[in-house]
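Okay, structure first, notes after.
Computed over heavy atoms, backbone and side chain alike; hydrogens, waters and symmetry mates excluded. One-based numbering along the sequence shown. It should be emphasised that the depicted structure is a prediction, and the values quoted were computed from it without experimental measurement.
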Amino acid sequence: MLKITLKDGVVKEYAAGTTVGEIAKSLGTGLYKAACVGKINGELVDLRTPVTEDCEVTILTFESEEGKHAFWHTASHVLAQAVMHLYPDTKYTIGPAVENGFYYDFDVEKPFTTEDLVVIEKEMAKIVKSGLELERFELEVPAAQALMKDQPYKLELIEKHAAEGQNISFYKQGDFTDLCAGPHLLSVAPLKAIKLTSCTGAYWHGDSSQKMLCRVYGIAFPKASELEAYLNMLEEAKRRDHRKLGRELDLFDIYEEGPGFPFFFPKGMILRNQLESFWREEHRKAGYHEIRTPLILNEELWHRSGHWDHYKDNMYTTQIDEKDFAIKPMNCPGGMLVYKRRMHSYRDLPQRMAELGIVHRHELSGALHGLMRVRCFTQDDAHIFMTPEQIEDEILGVMRLIDRIYQVFGFDYTLELSTRPEDSMGTDEQWEMATQALIRALEDNGKEYSINEGDGAFYGPKIDFHLRDSIGRTWQCGTIQLDFQMPERFDLTYTGKDGEKHRPVMIHRVVFGSMERFIGMLTEHYAGAFPLWLAPVQVKVLPVTDDHIAYAQQVADKLTAAGLRVEMDSRNEKVGYRVREAQLQKIPYMLVIGDKEIEADSVAVRSRKDGDKGVVKVDDFLAAAVKEVADKVN
């Protein structure tokens with residue numbers, strides 16, 4: 001009998017060859033029905049995988065990220081099966097799970113229409129109702145090629161695997177077989193609620209020189225109620241689209257003359273400057289010093305940093321005086337040069353240097369999306385240089401700073417540790433030391449975290465912060481990256497207590513990530529109704545008639561002198577019309593002024609959040625508004 005360690009350290013005995021699914025069933029019918037995949041000693045596996053030695057087994061449901069991905073991956077196979085039933089001449093390619101659902105790329109004579117998606121959805125429902133079980137099997141390359149002889153895209157993938165000397169893994173459900181590594185659900189039956197959301201064009205391998213395919217996107221859930229909630233969220237997301245709100249509120253936009261290069265208008269700059277001022281003040285209090293490094297540096301620097309080898313396809317280059325230069329895609333190498341400008345002692349460390357640095361990265365035109373994916377953006381970077389003994393304290397300090405800033409916006413977040421990728425620099429010992437340092441800091445921080453294997457930066461492991469917005473979407477913003485490689489490449493040193501030269505360790509970190517993306521995210525989070533401290537226009541003063549303009553101007557001047565951002569709307573329009581316009585512009589406070597208000601040295605206050613708040617003395621309104629700004633009430 002094998003000893004299997006389960007959740008919370010419980011140990012049970014099972015016969016060798018018992019599958020992960022059978023273990024789930026032994027723990028309860030409910031868990032078995034909800035199970036999507038499992039883990040054996042931390043490695044993701046099918047529920048059909050047998051255990052062959054003492055090990056730790058975890059059962060994962062749709063509530064986990066890995067469970068969702070297996071669920072959606074299986075749904076993509078059902079999509080492909082339905083397409084092959086309806087359009088048997090189709091050549092099918094790949095169909096992965098993605099962050100929110102799944103897609104499958106098809107080579108079809110005529111791209112699918114919205115009406116086609118409805119028909120495909122119905123066919124998928126029939127397949128799900130049949131309850132087909134999935135069967136996994138492997139073939140040697142010649143047999144795999146014979147099986148997929150009519151599918152040229154699959155043959156290309158088999159050829160790639162053949163070069164690596166691997167057997168080919170397949171999954172079969174009824175009359176449909178797909179080349180796939182898995183893992184998958186045991187059957188299609190749990191896919192109770194499926195919706196195909198859109199279709200678009202996509203190049204094979206993302207290469208514009210290859211054939212354009214038809215990509216169908218979808219989403220699936222175990223319950224119809226979950227699908228309904230998700231679709232409602234999508235509708236709400238459309239209403240909050242930052243591109244639409246940016247134009248309506250006159251904040252920012254992107255023009256065809258500069259794809260991926262945002263324009264910020266006066267009101268957008270007010271919002272941006274408020275965020276930057278807040279960022280600067282928090283960093284000043286946390287012991288950071290602000291720097292500024294050049295936009296363009298010579299190519300040799302990027303070879304030295306390693307970015308040229310790992311990132312050159314995303315970089316813009318130019319020539320100056322017949323020498324090659326690159327527009328910076330990251331701020332780090334400039335930070336290295338700032339550190340290296342003079343000698344350092346261990347007494348000088350840690351050094352915390354922050355930079356609101358503009359960077360340029362070449363993104364494919366199809367990937368651009370408003371402020372969320374651009375070619376020019378400002379990173380709120382910081383680089384911390386320290387001794388190895390200071391690593392844990394500095395990481396904890398960064399985590400506390402990020403937590404403090406996110407609290408101001410009311411964001412909840414989750415933490416994720418990303419470990420060494422395949423394409424990495426440095427020794428095994430350095431990576432182990434760096435990873436263990438991050439783990440210790442995470443444990444000391446006391447918040448739960450997950451592990452994302454193999455997704456670290458090429459120079460070191462990292463901790464990512466995933467924010468949850470007001471409609472439940474998650475956004476990766478803050479990150480903390482520990483780096484032993486850059487100090488080595490730039491020959492950075494400090495003099496230790498022993499009088500000898502030592503190599504500092506460094507942290508790369510951002511809080512907002514990209515200032516542009518964070519503004520886009522905040523616009524959607526607040527649906528354009530920014531809190532008072534951030535709102536470009538905080539107060540709109542509305543005199544009822546021309547007779548009230550002089551007093552209204554006095555009120556506006558008084559509020560402006562106290563630091564509030566005020567506009568007056570004295571147009572010859574009805575007050576109700578002007579109030580509605582101010583509400584559409586998401587103004588936090590509207591002050592209506594008529595005869596009664598002038599007599600009482602007061603204003604009639606209308607709040608965007610709370611509606612009519614009655615008549616209030618000007619000084620009382622001013623004091624309350626100034627306090628709300630100072631407290632950064634969310």
Side-chain angles (χ1 to χ4, degrees), residues 1-78 96-97 128 130-140 166-174 176-192 220-223 226 414 416-417 419 435-436 439 442-443 448-455:
M1 298 293 282
L2 303 177
K3 286 183 167 51
I4 306 300
T5 304
L6 303 167
K7 188 178 179 182
D8 299 327
V10 174
V11 178
K12 292 196 171 189
E13 292 190 342
Y14 293 91
T18 303
T19 66
V20 174
E22 288 166 343
I23 291 173
K25 185 182 278 189
S26 76
L27 299 174
T29 305
L31 177 62
Y32 177 66
K33 287 183 177 178
C36 294
V37 285
K39 279 185 176 178
I40 296 178
N41 292 335
E43 182 181 347
L44 198 63
V45 295
D46 269 348
L47 293 173
R48 50 183 72 74
T49 305
V51 291
T52 56
E53 60 184 9
D54 293 351
C55 59
E56 184 177 313
V57 171
T58 307
I59 309 299
L60 299 171
T61 68
F62 187 78
E63 299 307 309
S64 69
E65 288 303 312
E66 297 101 326
K68 280 187 178 72
H69 269 240
F71 195 92
W72 291 334
H73 196 174
T74 303
S76 78
H77 279 219
V78 173
V128 170
S130 73
L132 290 170
E133 293 186 357
L134 279 83
E135 172 195 349
R136 183 184 185 279
F137 62 94
E138 291 186 3
L139 294 176
E140 293 183 350
Q166 300 175 355
N167 278 355
I168 311 301
S169 167
F170 291 90
Y171 279 82
K172 182 177 187 294
Q173 60 206 46
F176 178 75
T177 301
D178 203 354
L179 169 73
C180 187
H184 282 281
L185 305 182
L186 290 173
S187 82
V188 301
L191 303 168
K192 302 292 186 192
F221 292 91
K223 297 177 183 176
E226 293 172 314
T414 56
E416 181 181 73
L417 171 65
T419 58
T435 304
Q436 289 305 314
I439 289 172
L442 284 163
E443 297 291 344
E448 288 189 11
Y449 66 93
S450 59
I451 296 179
N452 186 6
E453 296 286 355
D455 200 40

Nearest non-hydrogen partners of G17 and P50, listed with the distance: O-CB, 3.5 Å
Where do T5 and K3 land on the side-chain contact (heavy atoms from CB on, under 4.5 Å) test, with the steps shown first? CA-CA 7 Å; T5 304; K3 286 183 167 51; over 6 Å; no
Could you measure the distance from the CG atom of L134 to the CZ atom of R136? Nearest 0.5 Å is fine. 12.0 Å
Tightest non-hydrogen contact, residues A220 and L191, listed as CB-CD2, 4.5 Å
Show the numbers, then the answer: is there a side-chain contact (heavy atoms from CB on, under 4.5 Å) between F176 and V78? CA-CA 9 Å; F176 178 75; V78 173; over 6 Å; no
Can you find a pair of side-chain heavy atoms, one from Q173 and one from E135, that are under 4.5 Å apart? no
With a sphere of 6.0 Å drawn around CD of E140, does it hold more than 12 non-hydrogen atoms of other residues, nucleotides or ligands? no
Starting at OG1 of T61, measure out to NZ of K68 and round the result to the nearest 0.5 Å. 8.0 Å
Looking at C180 and S169, what are the two nearest heavy atoms and their distance? O-OG, 2.7 Å
Which pair of non-hydrogen atoms, one from G182 and one from H184, has the smallest distance, and what is that distance? CA-CD2, 3.8 Å
Looking at E138, I'd like to know if its CD atom is crowded, meaning that more than 12 non-hydrogen atoms belonging to other residues, nucleotides or ligands lie closer than 6.0 Å. yes
Would you call V57 and L6 a side-chain contact if the rule is heavy atoms closer than 4.5 Å? yes
With rounding to the nearest 0.5 Å, note down the distance linking NZ in K12 to OG1 in T18. 12.5 Å
Do the non-hydrogen side-chain atoms of C55 and N41 ever get within less than 4.5 Å of each other? yes
Verify the distance criterion only: is there a donor paired with an acceptor across the side chains of E22 and Y32 at less than 3.5 Å? no
Indicate yes or no for a side-chain donor-acceptor contact from T58 to the backbone of G38 under 3.5 Å, with no hydrogens or angles considered. no
Partners of K192 by salt bridge (Lys or Arg N to Asp or Glu O under 4.0 Å), sequence neighbours excluded? none
At what distance, to the nearest 0.5 angstrom, does CD1 of I23 lie from CD1 of I40? 7.0 Å
Does CD belonging to E448 count more than 12 external heavy atoms closer than 6.0 Å? no
State, to 0.1 Å, how close T74 and L185 come at their nearest heavy-atom pair, and which atoms those are. OG1-N, 3.0 Å
Atom NE2 in H69, atom CG in L60: separation rounded to 0.5 Å? 12.5 Å
Kindly assign one of parallel, tilted or perpendicular to the pair H77 and H73, based on the angle between their ring planes and the thresholds 30° and 60°. perpendicular
Flag the pair S450 / T414 as yes when at least one side-chain heavy-atom distance between them is below 4.5 Å, and no otherwise. no
Got a second to check how far D46's CG is from C36's SG, nearest 0.5 Å? 11.5 Å
Side chains of P190 and F62, heavy atoms from C-beta outward: is any pair under 4.5 Å? no
For the student: nearest non-hydrogen atoms of A70 and V37, plus distance: CB-CG1, 3.3 Å
Can you list the residues that meet the salt bridge (Lys or Arg N to Asp or Glu O under 4.0 Å) rule with E226, with sequence neighbours excluded? none
